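Note sheet for the following structure.
This is a predicted model, so every value here is computed, not measured. Excluded from the calculations below are hydrogen atoms, water molecules and symmetry mates; all remaining heavy atoms, backbone and side chain alike, are included. Labels below follow one simple rule: chain letters A, B, ... track the order of the sequence lines, proteins then strands, and each chain is numbered from 1.
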Protein chains: 2
Amino acid sequence: MKKISGNALRGHLDAMVLATLARGEAHGFEIMQRLGAAGRGALELKEGTLYPVLYRLEAAGMIVGKWETGATERRGPRRRIYKLARNGRRDLKRRQEQWRQFIQVIGGIVEAPT
Amino acid sequence: MKKISGNALRGHLDAMVLATLARGEAHGFEIMQRLGAAGRGALELKEGTLYPVLYRLEAAGMIVGKWETGATERRGPRRRIYKLARNGRRDLKRRQEQWRQFIQVIGGIVEAPT
DNA sequence: ACATATTATTTAGCATGACTAAGTAGTGGT
DNA sequence: ACCACTACTTAGTCATGCTAAATAATATGT
C-alpha cells in the first residue's frame, strides 16, 4: 500500500492531531503511534513532522501541554502530556465540517469517470 | 460557505485538472471556470495557481497543449487547448485510487467523535 | 563499566507547491 | 480614449510537511 505523506497531508494534520486528542490526552510519541496505527500502514509520521504541529497548536491555545510529574518507574526522558483545550474542541468541530465539505467538493471533481 | 483554498488543495490540484480534462479538452481559462462551477462557490482558483499546474502537467507528458488555430471570429487573445495524454489518463486513475485511500484513512482519523 | 536499544523530545535547514500581484495582449462597447 | 472581458505569463512569497541529526533518560546485555 502506498504511503500517504508529503503534500497530501497539508492542511489536515492539525485536524488529525486534534481528533486524536479528542479520544484522550496523550504525549507526542503516543500521538505518533496512535496515528500510525489508525493509518493502517498507510501513514508514517516522523517526529520532525509531528512535534512542530504540537508546538503550533499549543501556541494557538488549541491544546494544553504539561510535563509529566510524579514517581515514575518508567524508563526514558520526561514526556509532555497534551490535552484538548476548549478552543481546540471547538476548532476540531469546525475542521470536521470543513473536512466534509472538502471531500464532497474535491471528491466530486476528482471522482469524475475517466 | 467557507472557501477551500491554500494548503488543503496541495497534492490534489493535479488530479482535479486531469479529471476536468477527462470530460473533454479545454483551454486554461475554461478549466478555471469549470472548476469554479464544480466547486459550487467553495472553490476559487486564480490564474497564478492554475497555469503553473498546466505547465507542469504538460512538461510531465500528462496533458498535451496546442495553440488554437484557424479562422477565429472570436474575440480575445490566443488560447492554448489542452487534452489528456495517454499517460495522463493512466495517472488520473492512479490518483483517483489514491484519493479514495486518502479520504478513507484521513477521514477515519478526522471524523472521530468529539 | 560500556555499548546498545528503546522511549521521548528538540530543532536547523530543505523542498514543495499554492498564492499574491502585477504585467501583457486582443477585441468590443461606451 | 477608456473600460470590461477574455486569456495567458511569471517573479516572488509563504506555509508547512520532511530530512536528519542531536540530546536525554533508563533498562538490558556483555
Task: Nearest to side-chain heavy atoms of A:E47, which nucleotide of D:dA21, D:dG17, D:dA15 - done: D:dA21
Task: Listed nucleotide nearest any side-chain atom of A:T49, set C:dC19, C:dT9, D:dC18 - done: D:dC18
Open item on the list: For the CD atom on B:Q33, are there more than 12 heavy atoms of other groups (residues, nucleotides or ligands in this structure) within a distance under 6.0 Å?
Closed with: yes
- [ ] Check whether any side-chain N or O of B:R78 sits under 4.0 Å from OP1 or OP2 of D:dT6, and answer yes or no.
- [x] no
- [ ] Report the nucleotide, chosen from D:dT9, D:dT6, C:dT11, that has the shortest atom-to-atom distance to any side-chain atom of A:Y51.
- [x] C:dT11
TODO: Give the intermediate values and the outcome of side-chain hydrogen bond (donor to acceptor under 3.5 Å, both in side chains) for residues A:Q98 and A:R94.
DONE: CA-CA 6 Å; A:Q98 279 174 221; A:R94 200 175 52 77; 2.7 Å; yes
TODO: Go through C:dA22, D:dT19, C:dA8 for me and flag the one nearest to the A:H27 side chain.
DONE: C:dA8
Open item on the list: Measuring from the side chain of A:W67 (C-beta onward, heavy atoms only), which nucleotide among C:dT10, C:dA8, C:dG17 has the closest atom?
Closed with: C:dT10
Open item on the list: Using the side-chain heavy atoms of B:L9, tell me which of these nucleotides is nearest: D:dT16, C:dT16, C:dC19.
Closed with: C:dC19
Task: Interatomic distance where CD belongs to B:Q33 and P belongs to D:dC8 [whole Å] - done: 10 Å
TODO: Please work out whether the ring planes of B:F102 and A:H12 are parallel, tilted or perpendicular, with thresholds of 30° and 60°.
DONE: perpendicular
- [ ] Indicate, yes or no, whether a donor-acceptor pair under 3.5 Å links the base of D:dT6 to the side chain of B:R79.
- [x] no
- [ ] Among C:dA8, D:dC8, D:dA15, find the nucleotide with the atom closest to the side chain of A:P77.
- [x] C:dA8
